[in-house]
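Below is one structure, written out as structure tokens, with a few remarks after it.
Note that the structure is predicted; figures quoted are calculated from it, not measured.
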Number of protein chains: 2
Amino acid sequence: MIDKDEYRRKIVISAGRIFSRYGFRKTTMDEIAKALKMGKSSVYYYYESKEDIFEAVVLYEANILRNELTTAIKSVDSPLGKMKNYVFVRMRAFEKLSNYYNAIFDKNLDHFHFIEKIREKYDREELAILRLILYHGVRQKVFHVENTEYTAMAIQTTLKGLEVPLFWKKKEVDITNRLNAILDVLFYGIVIKN
Amino acid sequence: MIDKDEYRRKIVISAGRIFSRYGFRKTTMDEIAKALKMGKSSVYYYYESKEDIFEAVVLYEANILRNELTTAIKSVDSPLGKMKNYVFVRMRAFEKLSNYYNAIFDKNLDHFHFIEKIREKYDREELAILRLILYHGVRQKVFHVENTEYTAMAIQTTLKGLEVPLFWKKKEVDITNRLNAILDVLFYGIVIKN
DNA sequence: AGAATTTTCGACCGGTTTGTTCGACAAAAT
DNA sequence: ATTTTGTCGAACAAACCGGTCGAAAATTCT
């Protein structure tokens, strides 16, 4: 008896690579199968449909993102460093995921309820993390904020603003520079002036 | 009367972007047309077929590559620098073009005669450039080679070897490192020891 | 061993997509 | 006014694609 879960994991990883390259529509079941050296029908033994695989992939990637983000903020001590790392890792990740975006908002967008669910959940999680970073910053007298809740939401809004160009397929050239600029503005509006 | 050639150029550039992203098969005429804000049928007024557009794109890209390569070797004086620049630019370009590769060798590979033609022509041109670089190096007593002709061919073979992973879709991680290593080997086998 | 179950896969189906054509139509040129 | 140039919607045949089914392998169980 072959470990079914192990195989399902393999499929998710392999399919994820293809989805991220070509998007949902342009990825065919045949490709997914071929990449695994399987017959197309065999894949259906592990997943019920193409959308099922896609859902699993998004879930999987979301988990990876969560891990990357938490390790990113753990890897430094200073609140400034934490915030900087968080923003950078998040941005890099979304850049990588931009193909999913285009895939989802191609058509059939009503079919992908689960995306909204994941998004909602992650918005909440993100808010909590941002608030934590802010809170620590305030404690260490590095940040000055009236209300961590609202400030966290403001920062989150800014970060979401960075996603917009990914939607509209417009290639932002100097995303790193823009990020640094945003961080500068953010910090100098937040950091206590001595 | 609209400038037909100008329009054809626009089509080639726009279609080129899409081809390089999705490959030949996964790129649709509708996409090409939409990207130009045209009706699908209008595109056929300028080009006879999808393959025709593809051919024009490849030709166009090949020309760009040629220019990049010549300016790359002109931008430095030393034969070592020329060689280094040449190899780097060539490698970066082919990395970018790897999608075309996968597109072409998907299926129907018998349909794309013109690719072989271009390839042959460029092999000859490349050989000439390499020989020139070597020749200058020998003149300036920086290189030591018995026979520029054969040495140039040897170097070309090495460079082609670097292309192979692009064929097989295997992502080579540290292509820059490998390149540097190859250049090291190449130079230390060539440079006159003092 | 053979029976039972799990896993693979080729062949197929129906709906959709897609490259290409065609004729109608508008704009511009003659 | 008539011809030429350019655009486009509609239509079509062919290929494609997600998904099904049943029958072979392969594996496990008895």
Next item on the list: Mind checking B/Y46 for me? I need base, sugar-phosphate or nothing, with any heavy atom below 4.0 Å counting as a touch.
Entry: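 Contact class for B/Y46: sugar-phosphate only.
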Notebook entry, point to check: Roughly how far, to the nearest 0.5 Å, is the CD1 atom of A/I64 from the CG atom of A/L59?
Noted result: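 Those atoms lie 11.5 Å apart.
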Checklist line | Nearest-0.5 Å distance that lies between atom CZ in B/F143 and atom CD1 in B/I133 | finding: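 The CZ atom of B/F143 sits 7.5 Å away from the CD1 atom of B/I133.
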Notebook entry, point to check: Between B/Y122 and B/R66, does any side-chain donor sit less than 3.5 Å from a side-chain acceptor?
Noted result: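 Short answer, yes.
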Rounding to an integer number of Å, can you tell me how far [X] [atom1] sits from [N] [atom2]?
X	N	atom1	atom2	answer
B/E51	D/dA15	CD	P	14 Å
B/D3	C/dA28	CG	P	16 Å
B/Y44	C/dG19	OH	P	6 Å
A/K34	C/dC9	NZ	P	11 Å
A/L36	C/dT7	CG	P	16 Å
B/M29	D/dA15	CE	P	18 Å
B/E48	C/dT21	CD	P	8 Å
A/K26	C/dT17	NZ	P	13 Å

Notebook entry, point to check: Under 4.0 Å between a Lys/Arg side-chain N and an Asp/Glu carboxylate O for A/R9 and A/E6?
Noted result: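 Between A/E6 and A/R9 there is a salt bridge, with a charged N closer than 4.0 Å to a carboxylate O.
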Next item on the list: Before accepting this row, confirm whether a basic side-chain N of the pair B/E126/B/R90 lies closer than 4.0 Å to the acidic partner's carboxylate O.
Entry: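 Yes, charged N to carboxylate O under 4.0 Å.
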Checklist line | Atom of B/I155, atom of B/M83 and distance for their closest heavy-atom approach | finding: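 Looks like CD1-CE, 3.8 Å.
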Notebook entry, point to check: Quick one: is B/Y45 getting a side-chain N or O under 4.0 Å of the D/dT7 phosphate, OP1 or OP2?
Noted result: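 B/Y45 to D/dT7 OP1/OP2: no side-chain N or O under 4.0 Å.
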Check: Between A/R25 and D/dC17, does any side-chain N or O lie under 4.0 Å from OP1 or OP2?
Finding: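 No, outside the criterion.
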Next item on the list: Classify the angle between the aromatic ring planes of A/Y22 and B/Y22 as parallel (below 30°), tilted (30 to 60°) or perpendicular (above 60°).
Entry: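 Ring orientation, 0 to 90° scale: tilted.
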All N/O contacts under 3.5 Å from nucleotides 8-10 of chain D to the protein, with atom names and distances to one decimal?
residue : atom : partner : partner atom : Å
D/dC8   : OP2  : B/G39   : N            : 2.9
D/dC8   : OP2  : B/S42   : OG           : 3.1
D/dG9   : N7   : B/S41   : OG           : 3.1
D/dG9   : O6   : B/S41   : OG           : 2.4

